[in-house]
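Order of the sequence lines sets the chain letters (A, B, ...), proteins ahead of strands, with each chain counted from 1.
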Amino acid sequence: MSGLPSQPYKGAKDYYPEDMRVRNYIFTTWKRVVEGFGYEAYDAPLLEPLDLYTAKTGQEIVNEQTYQFVDRGGRTVAIRPEMTPSVSRMVAARRQELGYPARLYSLAQFMRYERPQRGREREFWQMNVDMFGADAVTSDAEIIIIADKLMRAFGADKKMYTIRINNRKMINLMMSEYLGLDVVQSQMMIKLFDRKDKLPREEFDEQARNIFGDEQHFEGMNKISKLLQASSMAELPRELLDSESVREVQELFTLLHESGVDNAAFDISLMRGFDYYTGMVFEVFDNHPDNNRAMFGGGRYDGLVGLFGVEPITTVGFAPGLTTMELFLEAHGLMPQLPSTTDVYVVTLGDVHKQARKLAQDLRDEGVRVALDSTGRKLDKQIKTAVKHKINYLLFVGEKEVDSGVYRLKDVLNETEQELSLERIVTTVKDRRRKQKQAVTPDPDDLGVDL
RNA sequence: GCGAACGUAGCUCAGUUGGUUAGAGCGCUGGUCUGUGGAUCCGGAGGUCGUGGGUUCAAGCCCCAUCGUUCGCCCCA
């Protein structure tokens, strides 16, 4: 025995059936919500030319955090670390025939060479949701409404999370017109705002003063404290309220409010990927004390499709991650009991294998998912196996049942038992399956989806 | 990339100032039972203490390195 290590690659995870139940639950819930808004599935290659990423972001991130190699044909390729460049490429390639607005989503895995931490892995799964070719504020609103519905679809209530919203255009306006900063100063100030909650107040102030330089800092600091005090749009300094970008943000909040998104808050310190966002940015924050963090976010990035040498196409989107969603559901006690995909486990008593096999096949022909215990083991072992696999029903098949055509079907969870014919077994199981599906994934009608 | 903690059976963990053959619960397995046993009772297997060096008469325990996990920083496209 040489003993090859059985653990998975660093930062990657094995998905056993119990893990897949969770993953499938989250994915199908996501799918149902975004498809309810008319988004259609797409996918892209796992590998892309490295250039696709260097063109978009800082060289440093690409070099340090992508898995890259030279293929046999000498091309430098990378395992995709995100979906946005790929989907932008796809849109650019068929820009004439997509039909706008184009609503697209994907469920895909990615790899980044990072230090694994809680909620952050090297291999991870995300859903990417993007709308192309729609620049009205209503599309910004739609994206945030979807993010909100995503949370509600898992049974989250508005106390459990907060949606924080800001706008890059508005920030740029504040930096240049209101605070009077040049481009370089603005960049520094934006980074500083982003780190506001991580710095002690004195250090924040000192760094802000440094950015202003000597002459302006007194007035500048005054204005900054006015900005930071604003917990809603209405509290912003009067000089700003008149601008177009501010009005746009106000309109966004009105739209959200009308759609029942009432836990969205304006947050001037929210910056998020300042390298390519061009308008609205938002983040969904987990309010649970054990898990206080930004879960996922997104925003408007109108410049990416244009990088492919075609006329720019406006884009707004977001991307929730599987692991963070899982941590959220666990922290808030929202993870349901997830049964096996197998409906029925056939337990055999005595020498009835042939008949049990036939019964199992008959049930399968009727659309029931059946696993047959063909081991001939003792009753308790057979039952234990079914329970371990979280299978909903046990079906006892012995000589008595074979003779009568009436079988004992046991509901494992409720520990109730019925004597049923084959037809009744089929309807009982399917009925239960339908109810369970509704309980685990609420009907889209209950989500209050409209826009 | 930086700082810190942890790593003992499949899982959760105990293991005295370094001192004989390293323990428990759960799980697994065999029997009991022989149509609900998913229980009870009785038995059993399973660990080169993450790995490799070192100190020592003696290392699960001390030292170094390495791998992995976790937490914080950086970053988070």
Side-chain angles (χ1 to χ4, degrees), chain A residues 1 3-13 16 18 48 50 52-66 78-88 110-122 124 126 128 191 194-195 198-199 271-277 281 283 290-291 293-299 301 303-304 307 317-319 321 323-324 327 345 347-352 373 376-391 393-402 404 407-419:
Chain A
M1 288 270 283
L4 274 171
S6 64
Q7 57 190 177
Y9 171 71
K10 182 182 173 82
K13 199 185 139 178
Y16 290 90
E18 73 245 41
E48 293 276 8
L50 185 67
L52 185 67
Y53 304 108
T54 47
K56 177 199 160 195
T57 57
Q59 186 80 35
E60 203 177 344
I61 283 173
V62 172
N63 281 337
E64 284 176 9
Q65 300 201 335
T66 54
I79 297 176
R80 61 184 173 200
E82 58 167 328
M83 192 54 104
T84 307
S86 299
V87 68
S88 299
F110 305 91
M111 293 194 81
R112 292 181 193 173
Y113 195 85
E114 297 190 274
R115 190 80 177 251
Q117 273 178 44
R118 179 180 161 84
R120 190 203 272 184
E121 294 142 324
R122 288 185 168 182
F124 58 96
Q126 277 187 350
N128 276 73
K191 281 196 183 190
D194 198 29
R195 291 168 42 79
K198 287 183 179 174
L199 292 173
M271 292 302 165
R272 232 195 125 65
F274 31 78
D275 45 350
Y276 70 93
Y277 283 112
V281 286
E283 260 174 7
D290 298 345
N291 206 36
R293 63 186 315 168
M295 292 177 59
F296 64 88
Y301 49 102
L304 276 189
L307 289 180
F318 71 103
T323 309
T324 38
L327 290 173
Y345 195 76
V347 173
T348 57
L349 301 149
D351 186 21
V352 291
D373 195 308
R377 288 177 308 172
K378 299 190 169 85
L379 188 59
D380 62 324
K381 305 296 178 197
Q382 297 191 45
I383 294 174
K384 232 172 174 175
T385 300
V387 170
K388 191 154 208 168
H389 290 292
K390 297 216 158 61
I391 296 170
Y393 287 104
L394 290 170
L395 186 63
F396 294 94
V397 178
E399 283 164 22
K400 214 167 64 186
E401 287 80 4
V402 167
S404 65
Y407 306 88
R408 301 194 69 96
L409 183 71
K410 180 162 187 167
D411 184 321
V412 176
L413 205 64
N414 305 332
E415 296 194 46
T416 55
E417 200 170 312
Q418 291 171 282
E419 294 203 351

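For A:Glu121, the side chain to side chain donor-acceptor pair (under 3.5 Å) partners at least two apart in sequence or on another chain are A:Thr323. For the side chain to side chain donor-acceptor pair (under 3.5 Å) test, no residue two or more places apart in sequence or in another chain qualifies with A:Tyr407.
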Annotated structure of RNA chain B as dot-bracket, pair cut-off 3.5 Å, Watson-Crick or G-U only, | for inter-strand, is (((((((..((((.....[...)))).((((.........)))).....(((((..]....))))))))))))....
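For the 3.5 Å distance criterion, the side chains of A:Thr324 and A:Arg293 fail to qualify, holding no donor opposite an acceptor.
Using a 4.0 Å heavy-atom criterion, one finds that A:Arg118 contacts the sugar-phosphate atoms exclusively. Among the heavy atoms of the strands, none lies under 4.0 Å from A:Arg80. When heavy atoms are screened at a 4.0 angstrom cut-off, A:Lys384 is found touching the sugar-phosphate backbone but no base atom. Among the atoms of the strands shown, only primed sugar atoms or phosphate atoms (P, OP1, OP2) are found under 4.0 Å from some heavy atom of A:Lys388. A:Val347 comes within 4.0 angstrom of nothing in the nucleic acid, heavy atoms only.
For A:Arg195, a side-chain nitrogen or oxygen approaches OP1 or OP2 of B:C74 to under 4.0 Å. A:Lys10 has a side-chain polar atom (N or O) that falls below the 4.0 Å cut-off from OP1 or OP2 of B:G68.
With both ends at atom C1', the span from B:G47 to B:G15 equals 14 Å, rounded to whole Å.
Counting atom types as modelled, A:Glu415 pairs no side-chain N or O with a base atom of B:U36 as donor and acceptor under 3.5 Å. Counting atom types as modelled, A:Arg120 pairs a side-chain N or O with a base atom of B:C75 as donor and acceptor under 3.5 Å.
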